[in-house]
Visitor: 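One structure coming up, written as structure tokens, with questions to follow.
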Amino acid sequence: MTMLPFRGMRRSLAATLVAGAVLAAPAAHALEIKSSDVHPMGYPTTDAIQYMGELLNSWTSGRMDIKIFHSMQLGGEKEALEQVQLGALEMTRVSVGVVGPIVEEFNAFNLPYFFRSVEHMHKVVDGEIGTELLNKLEKGGLIGLGYMDAGSRSFYNNTRPITSIEDLKGLKIRVMQNPIFIEMVNSMGGNGLPISFSELYTSLQTGVVDGAENNPPSYESGKHYEVAKYYTLTEHLMVPEIFVFSKKVWDKLSPLDQQLIRKASVLAVEKERELWAARERKSLEAVKAMGYQVVTDIDKEPFIKATEPVRMKFGEKFADLIKRAAAVK
Ligand code: GTR
């Protein structure tokens, strides 16, 4: 039997745990974890969850597994979160962007130009603050399993290349379903419209919106360039991804199964971050190679300045949290 590693654990302890899980297998319930994602297989998040399923499967000799409902088969992220809260779906991987309306402290991570760098974001989400916020999800019926990378989000549209903040003026820009993002776009002169990711391609195609904002891998993977050909690296948001388990289902699991899921989650995060770094580098190149225009040289200062009122307004409630996050070196 191939045993995949428990990284960060003493070997003997890991071996005992795995042996225990295997021995307990006949008596324990089989568990097929259904997990949703808006992205297709082959995307860093879906591949990392698939890896997590392989680990669980291997550690329990097939008693536990993950079945992934990818490519928006179960709709958008808001709906997925609702299903997980109800216990109809065990797990989902979503953007922290849609978690703000459930646990508002997450909006600290949804503030424009909040994290200084990827390293800063990692230190915050992997440290005390990140754990504190994951724990708060319980009151929303969710068990937070970990944070994955999603790079920075930038604007794209089908009207004109954005070479300065003035170019955003009047453009209808799709945002994730969270009021903070509507105000963010409005503060920069555009019109923010909340639309589910599952309706985005059609909304761009039919002109319901002129553009949207996302990281290069989503822009590329979703083929949004076909319907919004100008991409500009404004990098106004660095919103991490999150994967959550249904508290309703979790509470019925044995402590050992919970522990196995936690361990596999840590390794899934590592895997996603590796895959992400590679994919992020490739995506813009792929888009450029197809002949689409990417504006990389843009003065961010006016964007940072214009969004200051949004940081003030939405950050006011968590001033302390924000101060602590800013102090993380
Ligand atoms: C992507 C993210 C998705 C989804 C999407 C969106 O970057 O991976 O989870 O939130 O953005 O804009 O809705």
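All ligand and atom numbering here is 1-based and tracks the order in the structure.
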Visitor: Using a distance-only test with no angle check, is there a side-chain donor-acceptor pair under 3.5 angstrom linking D65 and N57?
Guide: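 A pair is found: one side chain offers a donor N or O, the other an acceptor, under 3.5 Å apart.
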Visitor: Heavy-atom contacts with H39 under 4.0 Å: which atoms of ligand 1 show up? List them by number with element.
Guide: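 Counting atoms of ligand 1 from 1, those under 4.0 Å from H39 are 1 (C), 2 (C), 3 (C), 8 (O).
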Visitor: Record the part of S95 in heavy-atom contact with ligand 1 below 4.0 Å; permitted values are side chain, backbone, both and neither.
Guide: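 It is both parts that get close, each with some atom under 4.0 Å.
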Visitor: Among all protein heavy atoms, pick the one closest to atom 13 (O) of ligand 1 and tell me residue, atom and distance.
Guide: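 Nearest neighbour among protein heavy atoms for atom 13 (O) of ligand 1, to 0.1 Å: R174 NH2, 2.9 Å.
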Visitor: If we only count N/O pairs under 3.5 Å, is R153 in contact with ligand 1?
Guide: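 R153 vs ligand 1: N/O contact under 3.5 Å present.
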Visitor: Is the terminal nitrogen or CZ of K67 (NZ for Lys, CZ for Arg) located under 6.0 angstrom from the six-membered ring centre of F69 and within 45° of that ring's axis?
Guide: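 Yes - K67 lies over the ring of F69, closer than 6.0 Å to its centre and within 45° of its axis.
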Visitor: Among all protein non-hydrogen atoms, which one is nearest to atom 7 (O) of ligand 1, and what is the separation to 0.1 Å?
Guide: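 Its nearest protein heavy-atom neighbour is N214 OD1, 2.6 Å.
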Visitor: Say whether T92 and S36, considering side chains only, have a donor N or O and an acceptor N or O under 3.5 Å apart.
Guide: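 Indeed, the side chains of T92 and S36 share at least one donor-acceptor pair under 3.5 Å.
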Visitor: Tell me yes or no: between the side chains of D37 and T46, is some donor less than 3.5 Å from an acceptor?
Guide: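 Checked: D37/T46 side chains show no N/O donor-acceptor pair below 3.5 Å.
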Visitor: For K123, I'd like to know if atom NZ has over 12 heavy atoms of other residues, nucleotides or ligands within 6.0 Å.
Guide: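 No, not enclosed.
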Visitor: For ligand 1, indicate whether the residue N215 contacts it via side chain, backbone, both or neither (heavy-atom separation under 4.0 Å).
Guide: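 Near ligand 1, N215 shows its side chain, while the N, CA, C and O stay back.
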Visitor: I need the nearest protein heavy-atom contact for atom 3 (C) of ligand 1: residue, atom name and distance, please.
Guide: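 Checked against all protein heavy atoms, atom 3 (C) of ligand 1 sits closest to E77 OE2, 3.3 Å.
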Visitor: More than 12 heavy atoms of other residues, nucleotides or ligands under 6.0 Å from CE of M41: is that the case?
Guide: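 Atom CE in M41 is crowded, with more than 12 foreign heavy atoms closer than 6.0 Å.
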Visitor: Looking at the rings of H224 and Y292, which for Trp means the six-membered one, are their centres under 6.0 Å apart?
Guide: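 H224 vs Y292: aromatic centres not under 6.0 Å.
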Visitor: Are R93 and ligand 1 in contact, using a heavy-atom cut-off of under 4.0 Å?
Guide: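 Distance cut 4.0 Å: R93 passes for ligand 1.
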Visitor: With a 4.0 Å cut-off on heavy atoms, does S218 reach ligand 1?
Guide: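 It does; at least one heavy atom falls under 4.0 Å.
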Visitor: Could you tell me the residue and atom name of the protein heavy atom closest to atom 8 (O) of ligand 1, and the distance to it rounded to 0.1 Å?
Guide: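 Here the nearest protein heavy atom works out to E241 OE2, 2.5 Å.
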